[in-house]
Amino acid sequence: MTQVSPSLLSGDFCRLYRDLEMLNASEASMIHLDVMDGVFVPNISFGFPVIKAISTIATKPLDVHLMIVDPGRYVSQVRDCGATIMNVHYEACTHLDRVVQQIKQAGMKAAVTVNPATPVELLSDILDQLDMVLIMSVNPGFGGQKFIPRAIDRTRRLRAMIDSSASNALIEVDGGVNLSTGRDLVEAGADILVAGNYVFSAPDPKEAIAGLAAL
């Protein structure tokens with residue numbers, strides 16, 4: 001089965017408790033939380049108080065994706081909010097190795113995200129230290145964007161890199177994921193699919209999650 005990490009960014013912020021209860025009862029493997037600062041990406045979402053509140057309700061691991069500048073400053077805060085995975089952007093970290101080590105020392109799983117124009121090959125020297133790599137299949141900052149097809153080839157290339165190395169990193173893909181693009185990504189080697197609009201705009205979100213998990 002494919003792991004699914006529904007993005008709460010597409011949920012109903014007036015009814016987060018309801019949406020979290022739905023995710024708890026679904027086949028989701030984890031819950032994806034997008035933190036945006038209005039600087040690294042042209043949008044602002046939610047911060048630590050909201051993540052902390054979510055952690056008191058969620059029964060799934062929290063997959064915290066920091067779309068912010070200098071994410072290494074916030075390792076302890078992310079940990080204290082209950083995150084299982086701390087995900088930082090390659091493009092936002094001047095000293096990526098240091099940040100990855102800080103995340104792991106804090107007791108969290110370390111993940112690194114690469115934007116659509118960032119070659120996955122740039123992670124080759126740190127791949128064996130990562131628990132997960134997130135490939136963006138849209139430009140980060142907004143939900144509901146159109147899938148960028150070259151993400152499929154980027155997933156395939158990253159899969160080959162992992163399989164030919166000592167890395168056990170999982171491949172996660174975020175942006176424009178639905179049953180069609182999700183199937184192509186899984187065939188290319190993706191382990192985890194992040195889906196926001198596809199899940200939360202569905203007539204039956206739990207059924208949408210189950211469909212992705214069955215890919």
Side-chain angles (χ1 to χ4, degrees), residues 1-38 41-68 71 74 77-88 108-109 111 113 132 134-147 170 172-183 185-186 190-215:
M1 287 183 63
T2 302
Q3 296 187 58
V4 183
S5 187
S7 174
L8 206 58
L9 185 66
S10 296
D12 186 340
F13 283 10
C14 289
R15 297 177 175 82
L16 280 182
Y17 183 86
R18 179 204 64 185
D19 287 349
L20 284 164
E21 288 285 270
M22 179 275 293
L23 293 177
N24 287 342
S26 75
E27 292 184 37
S29 299
M30 59 191 80
I31 299 173
H32 195 81
L33 302 179
D34 290 305
V35 179
M36 306 179 188
D37 62 0
V41 293
N43 196 10
I44 296 174
S45 57
F46 47 77
F48 301 129
V50 174
I51 298 172
K52 182 65 174 177
I54 289 170
S55 73
T56 66
I57 300 167
T59 58
K60 312 276 186 177
L62 299 185
D63 172 18
V64 179
H65 178 193
L66 299 177
M67 302 183 195
I68 66 175
Y74 303 104
Q77 290 96 320
V78 174
R79 176 200 60 205
D80 293 344
C81 285
T84 298
I85 302 167
M86 180 169 168
N87 200 324
V88 300
M108 294 179 288
K109 293 183 178 180
T113 301
M132 185 168 77
L134 170 55
I135 291 178
M136 292 300 301
S137 44
V138 298
N139 286 293
F142 299 93
Q145 296 184 67
K146 186 177 179 181
F147 181 79
L170 298 176
E172 183 175 52
V173 184
D174 181 4
V177 170
N178 54 38
L179 277 182
S180 176
T181 59
R183 182 175 295 105
L185 289 166
V186 170
D191 302 293
I192 307 166
L193 300 176
V194 177
N197 189 60
Y198 176 74
V199 167
F200 287 99
S201 66
D204 186 341
K206 285 171 65 177
E207 184 176 310
I209 293 169
L212 292 173
L215 292 175

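Counting begins at 1 with the first residue of the sequence.
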Taking every non-hydrogen atom, the tightest pair across [X] and [Y]:
{"X": "Ala111", "Y": "Ile85", "value": "CB-CG2, 3.9 Å"}
{"X": "Val41", "Y": "Pro140", "value": "CG1-O, 3.6 Å"}
{"X": "Met108", "Y": "Ala83", "value": "CG-O, 3.6 Å"}
{"X": "Ala213", "Y": "Glu27", "value": "CB-OE1, 3.9 Å"}
{"X": "Lys146", "Y": "Val138", "value": "O-CG1, 3.4 Å"}
{"X": "Met86", "Y": "Pro71", "value": "CE-O, 3.5 Å"}

Counting only heavy atoms not in Glu207, do more than 12 sit closer than 6.0 Å to its CD atom?
no

Would one find more than 12 heavy atoms of other residues, nucleotides or ligands at under 6.0 Å from atom NZ of Lys109?
no

Will you find, in the side chains of Asp63 and Ser5, an N or O donor that is under 3.5 Å from an N or O acceptor?
yes

Evaluation steps, side chain to side chain contact (heavy atoms under 4.5 Å, CB included), between Tyr74 and Val35
CA-CA 12 Å; Tyr74 303 104; Val35 179; over 6 Å; no

Could you tell me whether a side-chain N or O of [X] sits under 3.5 Å from a main-chain N or O of [Y], the two making a donor and an acceptor?
{"X": "Ser45", "Y": "Asp34", "value": "yes"}
{"X": "Asn178", "Y": "Tyr198", "value": "no"}
{"X": "Lys206", "Y": "Met22", "value": "no"}

Among Leu66, Val64, Val78, exactly one meets side-chain contact (heavy atoms from CB on, under 4.5 Å) together with Leu33. Which residue is that?
Val64

Identify which one of Val186, Val194, Leu179 satisfies the side-chain contact (heavy atoms from CB on, under 4.5 Å) criterion when paired with Leu212.
Leu179

Is there a side-chain contact between [X] and [Y], using heavy atoms and a 4.5 Å cut-off?
{"X": "Leu62", "Y": "Ser55", "answer": "yes"}
{"X": "Phe46", "Y": "Ile51", "answer": "yes"}
{"X": "Asp174", "Y": "His65", "answer": "yes"}
{"X": "Leu193", "Y": "Thr181", "answer": "no"}
{"X": "Leu20", "Y": "Ile31", "answer": "yes"}
{"X": "Ile209", "Y": "Pro6", "answer": "yes"}
{"X": "Phe147", "Y": "Leu185", "answer": "yes"}
{"X": "Phe200", "Y": "Leu23", "answer": "yes"}

Side chain to side chain contact (heavy atoms under 4.5 Å, CB included) between Asn24 and Lys60, worked out:
CA-CA 6 Å; Asn24 287 342; Lys60 312 276 186 177; 4.2 Å; yes

If you round to the nearest 0.5 Å, how far is [atom2] of [Y] from [atom1] of [X]?
{"X": "Met36", "Y": "Leu9", "atom1": "CE", "atom2": "CG", "answer": "4.5 Å"}
{"X": "Ile192", "Y": "Leu170", "atom1": "CD1", "atom2": "CG", "answer": "4.5 Å"}
{"X": "Asn87", "Y": "Met67", "atom1": "CG", "atom2": "CE", "answer": "8.5 Å"}

Ring pair (Phe, Tyr, Trp, His ring centres under 6.0 Å) involving Tyr17 - partner list, sequence neighbours excluded
none

